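See structure below.
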Protein chains: 2
Amino acid sequence: MSNPSPAPSTFLNVNSLRASCSNCSMHQLCLPMGLGGNDMDKLDQIIGRRCKVPRDGYLYRMDDPFTNLYAVRVGHFKTYQINAGGEQQITGFQMAGELLGMDAISTDRHHCDAIALEDSEVCEIPFARLEELFGSMPVLLRHFHRMMSQEITREQSVMLLLGNMRAEQRFAAFLVNLASRYTARGYSSTSFQLRMSREDIGNYLGLTIESISRLLSRFKKQGLLKVSNREIELLDPATLKAMAAGTEICS
Amino acid sequence: MSNPSPAPSTFLNVNSLRASCSNCSMHQLCLPMGLGGNDMDKLDQIIGRRCKVPRDGYLYRMDDPFTNLYAVRVGHFKTYQINAGGEQQITGFQMAGELLGMDAISTDRHHCDAIALEDSEVCEIPFARLEELFGSMPVLLRHFHRMMSQEITREQSVMLLLGNMRAEQRFAAFLVNLASRYTARGYSSTSFQLRMSREDIGNYLGLTIESISRLLSRFKKQGLLKVSNREIELLDPATLKAMAAGTEICS
DNA sequence: CGCCGACTTGACATTAATCAAATGTAGTGG
DNA sequence: CCACTACATTTGATTAATGTCAAGTCGGCG
């Protein structure tokens, strides 16, 4: 519930390097997926600065005017909403190759805060210029639609998680989801570091920090994983997957 | 949890009338919003059949191949997900002027079931043909992006609701949301009929049918609303809004 | 009239939240 | 290297919110 209130001064630490999709290791997962060399060049030309965001720095804040989408190049982010009563809900954790800011298109203002979980880098994508490209680059447009659609289905999965799953199941689903995203990026699917605090995990999953801590202890005792601070090793991914899917035999 | 299992035979009851945006009362809320007469005609030309879907009939089912988006012309729908363990989560209730099927773009298969809550009508929008229009109709494309983005923000609000709100707050938010959508459609914001069962409401809000029933009784006793079967009259919308926002003084 | 499904209400159980310590960890300065 | 602080995490005891189970009631329809 309590907001960490990172220093608001650290907005964007601009790096004069221009971003380039062609030589970015994430281009198979990110916006330029499937583009030919020619189209890739055109996209490169509109992509703006490559920006560094320090740990706990804001990438953007709720109600900021919307001008850019951001693609995560390095690092991790969290996005969260706050309502009038001060209740906060983390709506996602974003990693390299994922797009931030699509929720702002509908009103031209950002609907959430985005904060870096570690020192990170993003590519700035001026949305107006991206729209100009759409007319002549159907492959780009199609992939952009897929990315928005994917965000919709991701959120639907979270709705299922928050609306119908027990604590244990939520947490298993969370771990399995992280594992699969790291796999897609060429990292180990069983060993990784949590970039977010227990509190952030709990907030995202609709649970308290104490519940997360207890679940970690229990999973460890059950031999499902090893944990040391934020370092995680999944010892029994199959059982975790079954728990997440709700198909585990008994409990 | 238990699925009503509507007759799967009632897929689409085709009506030979062609849909037309120009004379549809929903065009200010729906996909053609803001289009000039010329563009509207072009959109009309690609829009396929106008389809009737009987109450409890499926508009589409999970894993069906994706070819069309659907705009609700008349009636109401619900969409829901089911996971491997059989857990079900209603992800939305759609009314006239709202678009169904955007979650299918990412994989070319529908990610949820869509069922009519009453006898309804939709306009079929062949997505491949819509994409062809995007190149030459930037206004249409922009509005389509707004609609997808709006769906993302809607789902984020539901995440906040499911992750952080108490039962009472969730239900107030649900009622207030319905009221505002009816207002936007020119209907009363204080008197309307619930098109969905208590069970559906509970499922959507992550609560049980008993909780919904008790909340209705309590709100009635507190003078916040009148209820008779599915007929609702909001007597104190201001307090309901404050409850939904989490800004109500005490409880 | 009587049945059926949808809803309501009550009694009780359970899950996860809350409250309260205790412990661990990282960073800082001596 | 160590003491010290601030903060994050773990663990335990208790409570509160909501779920579960079990009757009942209501309304519509054949």
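The structure displayed is predicted, hence computed values, not measured ones. Below, read A as the first sequence line, B as the second, and so on, with proteins coming before strands; counting in each chain starts at 1.
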Please tabulate the protein-to-nucleotide N/O contacts below 3.5 Å involving nucleotides 19-28 of chain D, giving atom names and distances.
| residue | atom | partner | partner atom | Å |
| --- | --- | --- | --- | --- |
| dG19(D) | OP1 | G206(B) | O | 3.3 |
| dG19(D) | OP2 | T208(B) | N | 3.3 |
| dG19(D) | OP2 | T208(B) | OG1 | 3.1 |
| dG19(D) | OP2 | S211(B) | OG | 2.4 |
| dT20(D) | O4 | R214(B) | NH2 | 3.0 |
| dC21(D) | N4 | E210(B) | OE2 | 3.0 |

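- Within residues 170-179 of chain A, no residue has a heavy atom under 4.0 Å from DNA chain C.
- Looking at S149(A), its side chain does come within 3.5 Å of a backbone N or O of M102(B) through a donor-acceptor pair.
- In this structure, N203(B) atom CG and dT18(D) atom C1' are separated by 16 Å, rounded to whole Å.
- Between I212(B) and L207(B), the closest side-chain pair of non-hydrogen atoms falls below 4.5 Å.
- Contact check for D103(B) versus C112(B): side-chain heavy atoms found under the 4.5 Å cut-off.
- Shown here are the salt bridge (Lys or Arg N to Asp or Glu O under 4.0 Å) partners of E155(A), two or more places apart in sequence or in another chain: there are none.
- R195(B) is linked by a salt bridge (Lys or Arg N to Asp or Glu O under 4.0 Å) to E118(B), counting only residues two or more places apart in sequence or in another chain.
- Between I152(A) and Q156(A) the shortest side-chain heavy-atom distance falls below 4.5 Å.
- With sequence neighbours excluded, the residues that form a side-chain contact (heavy atoms from CB on, under 4.5 Å) with E231(A) are Q193(A).
- F219(B) meets the ring pair (Phe, Tyr, Trp, His ring centres under 6.0 Å) test with F171(B); sequence neighbours excluded.
- Rounded to whole angstrom, the span from the CG atom of L194(A) across to the C1' atom of dA8(D) amounts to 14 Å.
- Between I209(B) and M165(A), the residue whose closest nucleotide on DNA chain C is further toward the 5' end is I209(B).
- At a threshold of 4.0 angstrom between heavy atoms, the contacts of S197(B) are confined to the sugar-phosphate backbone, with no base atom among them.
- Taking 4.0 Å as the cut-off between side-chain N and carboxylate O, R55(A) and D119(A) do not count as a salt-bridged pair.
- Contacts of V158(A) classified as side-chain contact (heavy atoms from CB on, under 4.5 Å), with partners at least two apart in sequence or in another chain: R154(A), L162(A), Y204(A), M159(B).
- Comparing the end axes of the helix from dC1(C)-dG30(D) to dG30(C)-dC1(D), each fitted to five base pairs by superposing C1' atoms of four pairs onto the next four, gives an inter-axis angle of 30° (nearest 10 degrees).
- The interatomic distance linking L215(A) (CG) with dT9(D) (C1') rounds to 14 Å, in whole Å.
- Evaluation of the side-chain contact (heavy atoms from CB on, under 4.5 Å) rule for D236(B) yields L224(B), A238(B), T239(B) as partners, not counting sequence neighbours.
- Between the P atom of dT18(D) and the CD atom of E168(B) lies a distance of 9 Å, rounded to the nearest Å.
- Partners of T190(B) by side chain to side chain donor-acceptor pair (under 3.5 Å), not counting sequence neighbours, listed by chain and number: S188(B).
- Once you apply a 4.0 Å limit to the heavy atoms of chain B, the touched nucleotides of DNA chain C run 5' to 3' over dC7(C) to dA11(C).
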Check residues 176-186 of chain B and write down every donor-acceptor pair under 3.5 Å in which the side-chain atom is one partner and the other belongs to a residue at least two apart or another chain.
| residue | atom | partner | partner atom | Å |
| --- | --- | --- | --- | --- |
| N177(B) | OD1 | R181(B) | NH1 | 3.0 |
| S180(B) | OG | N177(B) | O | 3.1 |
| R181(B) | NE | E98(B) | OE2 | 3.2 |
| R181(B) | NH2 | F93(B) | O | 2.5 |
| R181(B) | NH2 | E98(B) | OE1 | 2.9 |
| R181(B) | NH2 | E98(B) | OE2 | 3.4 |
| Y182(B) | OH | H76(B) | NE2 | 2.8 |
| T183(B) | OG1 | A179(B) | O | 2.8 |
| R185(B) | NE | A96(B) | O | 2.6 |
| R185(B) | NH1 | R181(B) | O | 2.9 |
| R185(B) | NH2 | A96(B) | O | 3.0 |
| R185(B) | NH2 | E98(B) | OE2 | 3.4 |

